[in-house]
Number of protein chains: 2
Amino acid sequence: MNPGSQHTEPKRRGRRAGGEDTKAALLAAAREVFVERGYEGATVRSIAARAGVDAAMVNHWFGGKEGLFAKAVLQLPIDPNTLVEHLLDGPDEAIGERIVRTFLTVWDPIGGGPFAAMVRSVTSHGQVADVLRGFFVNTLLRRIVAHLDAPDRDLRATLVASQIVGMGMVRYVVRFEPLASADVDTLVKAIAPNVQRYLTGDLG
Amino acid sequence: MNPGSQHTEPKRRGRRAGGEDTKAALLAAAREVFVERGYEGATVRSIAARAGVDAAMVNHWFGGKEGLFAKAVLQLPIDPNTLVEHLLDGPDEAIGERIVRTFLTVWDPIGGGPFAAMVRSVTSHGQVADVLRGFFVNTLLRRIVAHLDAPDRDLRATLVASQIVGMGMVRYVVRFEPLASADVDTLVKAIAPNVQRYLTGDLG
DNA sequence: GAAGTTTTTCAACGTACGTTGAAATAGAGC
DNA sequence: GCTCTATTTCAACGTACGTTGAAAAACTTC
């Protein structure tokens with residue numbers, strides 16, 4: 001039937017019709033694939049295929065796989081200053097709850113994408129461990145514990161990080177049930193008191 | 001000086017002299033490289049080079065990279081039954097402390113190797129997430145919470161997993177200081193009460 | 001509407017990977 | 001000491017990767 005119209009035509013070259021934004025399509029596809037496969041596992045060809053464009057576009061628009069990863073994943077979706085202000089806005093006794101709820105409500109709508117992408121790339125991409133450390137510890141937690149008058153501030157910051165990172169791992173990366181599908185409120189009630197203890201409780 | 005003895009001779013073929021165990025050397029090298037690079041990042045050639053043998057030995061002794069990974073990493077170093085017995089041996093009020101101390105004393109001497117290897121391979125190797133889940137949740141934690149008479153047993157098990165996995169991530173994989181270098185006793189005192197609350201405390 | 005610029009596809013390159021089959025060498029059995 | 005088998009290295013294969021340069025097509029400017 002319709003002989004000759006079955007085979008897929010080679011795509012026409014040259015500029016796209018109009019309105020289509022190759023750069024944005026690549027960024028969106030890159031976020032998906034980097035989240036699923038990590039830096040090494042995500043191939044330029046697979047990202048380009050999902051975006052519906054040629055792999056050479058990655059070099060043209062981002063200067064290579066490295067630049068695409070930097071733009072798509074390493075760039076944080078939220079302004080850290082706003083985040084810190086929001087976390088510090090309220091009584092000290094409820095800061096644990098604000099931390100847990102904030103991370104869950106920021107990550108849940110996107111399935112923990114950026115977090116999962118970083119964890120999945122922590123081996124293959126040297127920058128990633130540094131970015132994780134810089135964001136979690138230096139940018140967020142150190143500035144939060146600085147406002148508390150408790151001893152062992154740095155240890156408290158990394159203890160909080162251990163619980164938040166662990167929550168992200170279990171919920172978004174390895175998906176242990178029932179935690180992976182639990183309500184935000186349930187998790188806040190369960191986890192927040194522990195985070196609170198790390199921040200203001202007695203550690204020894 | 002000594003002209004002609006500088007260049008490296010091509011290795012002699014055939015069986016090794018005696019006593020040298022290629023299989024064991026490959027397993028040891030594989031554990032190191034899989035820990036450092038994860039499944040995809042660890043190349044058969046680099047593992048063989050570290051073991052001082054040819055890459056073809058991987059196929060001869062383990063049937064390929066997949067089989068080597070299974071033998072070197074997926075195989076757990078500790079008998080789960082013994083571990084569960086040990087964790088349950090004592091008063092329920094101190095089970096959190098036993099869990100934290102046990103994981104730290106098991107992982108610390110080997111730098112968290114198997115744990116780091118699994119995390120670093122969680123993307124590139126499909127079995128790994130299943131193994132992590134099976135070991136942490138099904139083999140260990142479910143059997144521990146089964147001995148407690150508290151509600152929400154499965155949720156409690158995954159909450160404990162989130163704290164233990166997070167502790168392993170921060171201490172062995174991304175290495176946030178000062179937690180990464182803290183004494184075992186310090187960490188036990190800091191973390192154990194939180195694990196204990198997940199197991200026997202009020203979650204909501 | 002012609003010239004110039006930007007965007008896109010295509011074809012190919014060089015490299016690295018896991019794997020394979022054959023040749024070479026050492027030990028084992030008799 | 002000869003034969004057989006196990007072990008090891010070597011050379012090569014096929015595949016997939018990231019990247020590149022040129023050609024083609026659409027838009028922009030005048």
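The shown structure was predicted, so the numbers you read here are calculated from the model rather than taken from an experiment. Labels below follow one simple rule: chain letters A, B, ... track the order of the sequence lines, proteins then strands, and each chain is numbered from 1. Side chains are part of it too, since the values below use all heavy atoms of this structure and drop only hydrogens, waters and symmetry mates.
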Asks: Whole-Å distance between dC17(D) C1' and L68(A) CG?
Replies: 15 Å
Asks: Flag the pair D89(A) and R98(A) as a salt bridge only when some basic side-chain nitrogen lies within less than 4.0 angstrom of an acidic carboxylate oxygen.
Replies: no
Asks: From dG18(D), dC10(D), dT19(C), pick the nucleotide closest to the side chain of V44(B)?
Replies: dT19(C)
Asks: Any cation-pi pair here, K65(B) with Y39(B), using under 6.0 Å and within 45°?
Replies: yes
Asks: Could you state the CZ-C1' distance from R45(B) to dT19(C), rounded to the nearest angstrom?
Replies: 9 Å
Asks: Provide, to the nearest angstrom, the distance between the CG atom belonging to D21(A) and the P atom belonging to dT7(C).
Replies: 10 Å
Asks: Counting only side-chain N and O atoms of W61(A), is one of them less than 4.0 Å from OP1 or OP2 of dT7(C)?
Replies: no
Asks: Distance check needed: dT6(C) C1' versus N59(A) CG, whole Å only.
Replies: 17 Å
Asks: Measure from the side chain of H60(B), starting at C-beta and using heavy atoms only, and say which of dG18(C), dT7(D), dT9(D) lies closest.
Replies: dT7(D)
Asks: Write down the distance between CZ (F69(A)) and P (dG18(D)), rounded to a whole number of angstrom.
Replies: 13 Å
Asks: Regarding A48(A), tell me which of base, sugar-phosphate or nothing describes its non-hydrogen contacts under 4.0 Å with the strands shown.
Replies: nothing
Asks: Take the protein atom CG of L26(B) and the nucleotide atom P of dG18(C), then report the distance between them rounded to whole Å.
Replies: 13 Å
Asks: Respond yes when some side-chain nitrogen or oxygen of T22(B) is under 4.0 Å from OP1 or OP2 of dT8(D), and no when none is.
Replies: yes
Asks: Rounded to whole Å, how long is the line connecting atom CE of M57(A) with atom P of dA25(D)?
Replies: 15 Å
Asks: Rounded at 0.5 Å granularity, tell me how far CG in L179(A) sits from CD1 in I191(A).
Replies: 5.5 Å
Asks: Nearest-Å distance, CG (D54(A)) to P (dT7(C))?
Replies: 15 Å
Asks: Inspect the contact between R50(B) and E36(B) and indicate whether a charged nitrogen and a carboxylate oxygen are less than 4.0 angstrom apart.
Replies: yes
